Every structure is written in C-alpha cells, then in structure tokens.
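Everything on this sheet refers to the single structure shown next.
Quick note: numbers below take in every heavy atom, side chains included, and nothing from hydrogens, waters or symmetry partners. All values derive from a computational prediction rather than experimental measurement. Just so it is clear: chains get the letters A, B, ... in the order the sequence lines come, proteins before strands, and each one is counted from 1.
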Amino acid sequence: MASRLRVLLLVGATLPMAVGCVTVRPEERAILADPVMQFDGDPREAAATQHVIENREGSYGGRTVRGGGCGCN
Amino acid sequence: MHRAVDRRARQRGARAVLAHVLSMLALVATVLVGSLAHAQVADFDVRSTLFLEPSPDSDMTVFTPSASVSVTPWDFLTLDAGWEADIVSGATEAVKAGSVQPNPDIVTTASITDFRNVVSGGFTIRREQTTFSAAYSWGDESDYRSQAITISAGADFFQRNTQLVLSYSHAFDEVCNAGYADSLSPTLRQPLDSSTDCFKNVDNRRVDDVDQDNFQGAWTQAWSPVFTTQVVLTGSIQNGFLGNPYRAVVIGPTGETAQENHPNDRGRAAGAVRARLYVKPIKTAFGVGGRIYRDTWDLTSGTAEVEAERYMLEWLRLRIRGRYYQQSETLFWSDDYTGGEPDFGPRGQYWTGDRELSPLSSISLGGRVMASWRGAKGDRIAGMFLEFQAGGGFDFVVTNLEEFTWAGRTPNDTTALVTQLNVTALF
C-alpha cells in the first residue's frame, strides 16, 4: 500500500513537469485548431446524442469536454 | 399537514414562476444586449434530433427540436440562451414480469405520450488564460420538473498546451408519484396510473424530490502539432426517488405487483481517456477513447469509441464513428423476483423492471456530414452571415439484452436509429 502511494506521488509530481516540457508553438497549431481535431467540436450535437444514449444505458459521466485543439478559446 | 402541503405547493409554484421569469429575462437580455452592444458575433442554431425504435410491441419515437442563440457583445463575454423540447410517443413496459410469472399485458397497457420543455440561459467570461461560465436550465413536463445550475472554470497553462476545466452542477428535480404514505411498505405501493392531477394538491398524488450533484475535472493536453489527449473524471451523487413511478414489478409467486423500488441514494464515478491524431499523408484525424464507470449500485461499464474525420471538399467534412458499450447488472437486478430470491439481501429489499440496470451491451455505428461556408475577410455571405453551417448525421444502435425479458420473451425493441439535422448561422 505504502509503495503504491509512493508511486502515485512520484507520478503526480513528475507528470506536471513532463507536461511543462511539451511545447507546441503558436505557429504550429494550425492543425490542432482545425475543427476535425477538436474534442467535442460541436457540443450541441454531442449533448443531443448523449441525451439519447444516457436514456438507454445505466451509466453516466465521463463525456467529452470541449477543447483540445488550439487552446485559444 | 394540509397546511404544510399547501405551503410546499405554493413554494413550488412560486419557484416555477420565478424560473420562467428568469429564463425569459435571460433570453430577452441575450438578444437585447447583443443588439445594443453591436455584437461582434451572434450565433443562432436550430436543430432537431429524431430517435426511432421500431418494434411491433413497443415502438418508441422521440422528436427533439431545439433552438439556441449566443452573442458575444464584447470579447470577454458570451451570453447564451436556448430552448429544447422532447416529444415522446410509444409504449414501454408498465408491468415487468420474468419468465416464472408470464404477464401477457406487460406492453399493451403502456402507451405513453409526453412533452418536455427545457429553457436555459447562461454566460461565459473570458480572460487571457482563464474562463468562467455559469448556466441555469428549467424543464417541465406533465409529471416531472427539473432545475439545474452549472458553473465551470477553466485555465490554460504552459503556453496553452495544457487546459484544465473544473465544473460543478446541481439539479433539483421533482417527480410526480402515486399518493401513498411514506409509512406504507414498498411491497404494497402501487404505481402511478397517469399524470392527471400531478403537481396539484390532491390526495392521490405526491411529489418526490430528486437531487443530483455532479463534479467533473478535465485535462486536455497538446503533445505535438498533430496529437492531443483528454482525460475526464466525473463524480455524481443522486438522492431521492430514483425509479420510474409508472412501472410495476411482479414480486409475488401468485402475481402480486408493487411499484418499482430502487435505493434512494446512488454514487457514480466515471473516468475517460481520449486521444486524437492527425495523419497528414491521408489528411484525416483519428480519434480513440475509452471510458470506465462504476456506481454504488454495483453497476460497472466500459465504453470504447473510434472515429475518423476528414475534409472531403474545402467546405464539406465527413465523420464516421463507432462505439461499443458493455455494462454489468446492478446488485439487486433480477429478471424475475418470484423465482426463489433470498428473503434478505438486496434482491429482497429492492426490485426493478428497468432494462438499464440489467446486463447489456450495445454497438453503434454512425456518421455525420457538415457543410460550412465562411465569408471572405470583411465580407458576409448573402450580405448577412459571417459563417453558415448545415449538418446531418445518423447513428444506428443495436442493443443486446443479456437477461432482460418481457415475461420470458425476448424484447424486439433493441435496434434504434438516431438522426440529427442542424443549421447554424453566425452573424
């Protein structure tokens, strides 16, 4: 249990550092900014589909969240 | 007692009126502020979703038209307002029986028609690296009323390669139910027969609360110019009447029925990981995703999704998608509660006729085309639109019910078609 906790803490501490090392410069974002690369690019369509699906299944949550591509809001 | 009921009814009425007024004000304010402030962008969207579940015994049709408008009067502020309706017609299981006690009347007595209206309003405030949004929605149908507030905050880090979004929502709903006393044993409670007199202060009706708190965190990360991932964690707590008030379940060996009886609390957790990769040689974006879910009713599920999207023409893009879903049963699920279930334990304490709580799997395949036209810089399409979009899509869903039966018969309403059409204009 203690070793698992240590691994989790290690991962938790190093992940933000690893993320901080990732650099996609603004001029490299053309593809990321395109609608085909967006998570939940059409939130209204996703909400409508989700509404139907949730009424036929027993689970809930973890749905796609808008964002991803350009990070430019 | 009656005075207390009167007061509750008056409070509910006042809250409903207040909700209506607030929603209408939000709608009017959105339009007015947008026009007064010479909105840089106004987005008007109209769409409809049609759900068809053909079946000789229990066909179901749900038509969902919706309209929404959002305006951005200043760069830092967007106002949203929307309306949505569900028009439901079809049939559903009114009495759930298993194979031991066949009940030939389970479907024919269950014709339903319903109409649900939802109005909503909200705003988003944007700063250089952060966003904050809040929204309110109010829904009404003959036997169910809902209100929900949602707040969300997001921030960009590391040159905007990392996005974190935290959100919380609270729903406080009310469901109409048959007018039994709390002290009546669940085995003697009979289901609601119709929505007549719902939300009125009459003896044969009562109103039960359904509260829900949702928490969600999302981390979106750009790893390279063509690769991005997203992790979403969701937690939810429900409390109140969580069954279907109209549904009865055969619980006795000689055919005795009682209203479906679910626990009053449910904690739910889900985690999802998704990734998108753009493959330049074939100019196509591929997405994969997985989700796991578990709740305190011991239902576990897993979902796998794949999709691909590309431009077929400069103004036309096509997406195809597939999804596989599998879930276990809840702890108290049984297709038949008369076949010697233990006296004590969850299946003796709770009973359900809900197929969503039974073990099942589903496969869906679908596609979507989206046409989009944008005016040249400084110019508008037809002198009006900055951008105009039209889209259509479909999903074909096949469900495999592993244990759920209609009195021993295999249900024949397990294929469904979902279609969507939308038109969006940016002014």
Contacts of B/Phe227 meeting side-chain contact (heavy atoms from CB on, under 4.5 Å) (sequence neighbours excluded), chain-then-number -> B/Trp223, B/Ser224, B/Thr229, B/Ala275, B/Leu277

If one checks every heavy atom of B/Asp354 against chain A at 4.5 Å, the contacting part turns out to be neither

Of B/Asn214, B/Thr49, B/Leu357, B/Thr424, the largest count of non-hydrogen pairs under 4.5 angstrom with chain A goes to B/Asn214

Turns out that what part of B/Ser362 lies under 4.5 Å from chain A's heavy atoms comes down to side chain

Honestly, the part of B/Tyr293 sitting under 4.5 Å from a heavy atom of chain A is side chain

Exercise for the section: Specify whether B/Phe404 and B/Trp333 have parallel, tilted or perpendicular ring planes, treating 30° as the upper limit for parallel and 60° as the lower limit for perpendicular. Expected result: parallel

Under 4.5 Å to a heavy atom of chain A? For B/Arg317 that would be side chain

Turns out that what part of B/Arg368 lies under 4.5 Å from chain A's heavy atoms comes down to side chain

field: Under 3.5 Å: donor-acceptor pair, side chain of B/Gln420, backbone of B/Asp395
entry: no

side-chain contact (heavy atoms from CB on, under 4.5 Å) filter on B/Ser68, not counting sequence neighbours, yields A/Arg44, B/Asp45

Looking only at B/Arg323, B/Arg319, B/Met370, the option with the highest number of non-hydrogen pairs under 4.5 Å against chain A is B/Arg323

Turns out that what part of B/Gln159 lies under 4.5 Å from chain A's heavy atoms comes down to both

